[in-house]
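Counting starts at 1 for both ligands and their atoms, in listed order.
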Amino acid sequence: METTVQENQKQYQEKKDRLAKGLQSLQQSDHHKIRLEKNTSNLFRPKTRGSKDKALNVKDFNSVISVDKENLSAEVEGMTTYEQLVNETLKYSCLPTVVPELKTITVGGALSGCGIESSSFRYGLVHETIQDLDILLSNGSVVNCNPSNEHRELFYAFPNTFGTLGYALKVTVKLIPAKPFVKLTHLHFTDPKSFFSSIESLCLEGSQNYIEGVIFDQNDMVITIGEFVDEAPWVSNYRYREIYYRSLQKRETDYLTTLDYIWRWDPDWFWCSDVFFMQNPLMRMLFGKWMLGSEQYGKIMHFLNRHPQLRSTLDNLYGKQESIIQDTSIPVHQSEKFYEFFREDIGIKPIWICPTKAYSKNKHYDFCPMDPSTLYLDFGFWKSIPTSHEEGYYNRMIEKMTTHLGGFKSLYSSSYYTEEEFWSLYNHQKYEQIKNQYDPQHRLRGLYEKCTTKG
Ligand SMILES: Cc1cc2nc3c(=O)[nH]c(=O)nc-3n(C[C@H](O)[C@H](O)[C@H](O)COP(=O)(O)OP(=O)(O)OC[C@H]3O[C@@H](n4cnc5c(N)ncnc54)[C@H](O)[C@@H]3O)c2cc1C
């Protein structure tokens, strides 16, 4: 075992040196922007890259270097997917503290994009579960940063900057002990007030392993509590014929293997597999084994994004649509107001509700605008709706309401903020300071440019 870890560390060192050298040699002859080249992506906004951007091939930074069961931590290369990491940690009966819901999300992507999960009400967003980082800077050097070394400013600035300060090559992730099964209790609600107040009191009480909710309609809402258990009287399977989100409306109690709990949303991309007709029993039976999974759906979406003419043919078929793919976190005491607005003006159903709270009250992550004393509810909604308005009309409404209610939204999909609005939400002065320090030649794109469709 020791030798495997040493071998993994040696391989990481070699890959790191090779990548750094390649980037350094590029420096002298080239002034184009740099971008990542990797196998998967869960980014749902138009790419801001220019055709002459230099692609940095980081595909082979995808190994779990070590798992330390005693100290509950794992050393992982930055492009390792959570699927790989979970498979490895479960061998030691452990799990990453927060596992984003889709198998192809990578550790580096989740850290730089504020990943979230149903354990976030206890442990915060993904970045709060990271203890140490190796970051590749645009000049080809690699810095190690953690909360107590000379690069701690970069450590706290890195989350939510989407690779605009550097790229995470190696990450130390905090783990929790896990049991073989998860018992699910689905609590059913018929009015928003009791739904939101119950989720708040459950989270504040804080003894459960996992809590999340789904709003199917204003009189059909479910809170799901997950608890690790050693034994299960039965286990359900939602990887093929059965559909997980539909089970929430039918059941009061359920059991899943821990692995199936972690990936419960993956086969049907929450409920978005509907777009590909994969909730039709015949389609499921014929193509399910091949099609069900976020990796396949992601590939199709990226193909469509790369072929705008195909997209516009589909638009013509379905009429003018606005794509609304957003996750927005709202302080719990404003959630009812947000839901009222959303139901009347946007109307997408179902909505994923994922509670989150900062793990530590004393740590300040510069570009994650969370009040550490507030419980937030992430509202996740992903669908296209018919529109007769200009592009971004409904997304703008959501952004404005989120700001008005003291919330913040994830930047993984389209944003329509003006530059002034954007920097009133994120600390511009701090960003400029840290950008000039760690990427003085601006070889990586800037945060506003990268995260908005206007860039
Ligand atoms: C339909 C959908 C559902 C989602 N559901 C969830 C969910 O349930 N939970 C959740 O947490 N998130 C969710 N997300 C958001 C997702 O976590 C973020 O988009 C995340 O950044 C994707 O990570 P990735 O590894 O796929 O990276 P990519 O999509 O490849 O990249 C995302 C961004 O991060 C940067 N980046 C990637 N790797 C690194 C690195 N090593 N170092 C620095 N920067 C890097 C890239 O440059 C890019 O700007 C969802 C997104 C979509 C589209």
Is the shortest distance from a heavy atom of F270 to ligand 1 less than 4.0 Å? yes
Heavy atom of Y167, distance to ligand 1 below 4.0 Å: yes
Does ligand 1 have any atom sitting under 4.0 Å from a heavy atom of F158? yes
Assess the side chains of S63 and N8: does a donor N or O sit below 3.5 Å from an acceptor N or O? no
Just checking, K15 and F61: is the charged tip under 6.0 Å from the six-membered ring centre and within 45° of the axis? yes
Quick one: does ligand 1 sit under 4.0 Å from the side chain of S112, the backbone, both or neither, non-hydrogen atoms only? side chain
Answer yes or no: is there an ion pair linking K349 with D217, defined by an N-O contact shorter than 4.0 Å? yes
Identify the residue among W382, Y297, W271, Y238 that makes a ring-ring contact (aromatic ring centres under 6.0 Å, His included) with W265. W271
Quick one: does NZ or CZ of K183 land under 6.0 Å from the six-membered ring centre of Y261, within 45 degrees of the ring axis? no
In ligand 1, which numbered atoms sit nearer than 4.0 Å to a non-hydrogen atom of I116? 9 (N), 10 (C), 11 (O)
When you check the side-chain N and O atoms of D134 and N144, is any donor under 3.5 Å from an acceptor? yes
Charged N to carboxylate O below 4.0 Å: is that the case for E295 and K103? no
Please confirm whether A168 comes within less than 3.5 Å of ligand 1 when only nitrogen or oxygen atoms on both sides are compared. yes
Hey, is E117 one of the residues with a heavy atom under 4.0 angstrom from ligand 1? no
Can you find an N/O atom of G109 closer than 3.5 Å to an N/O atom of ligand 1? yes
Heavy-atom contacts with T106 under 4.0 Å: which atoms of ligand 1 show up? List them by number with element. 24 (P), 25 (O)
Touching ligand 1 at all, G166? Heavy atoms, strictly under 4.0 Å? yes
Best match, I105, V171, T81: closest heavy atom to atom 17 (O) of ligand 1: I105
Worked check of side-chain contact (heavy atoms from CB on, under 4.5 Å) between I325 and Y412: CA-CA 9 Å; I325 297 176; Y412 69 81; 3.9 Å; yes
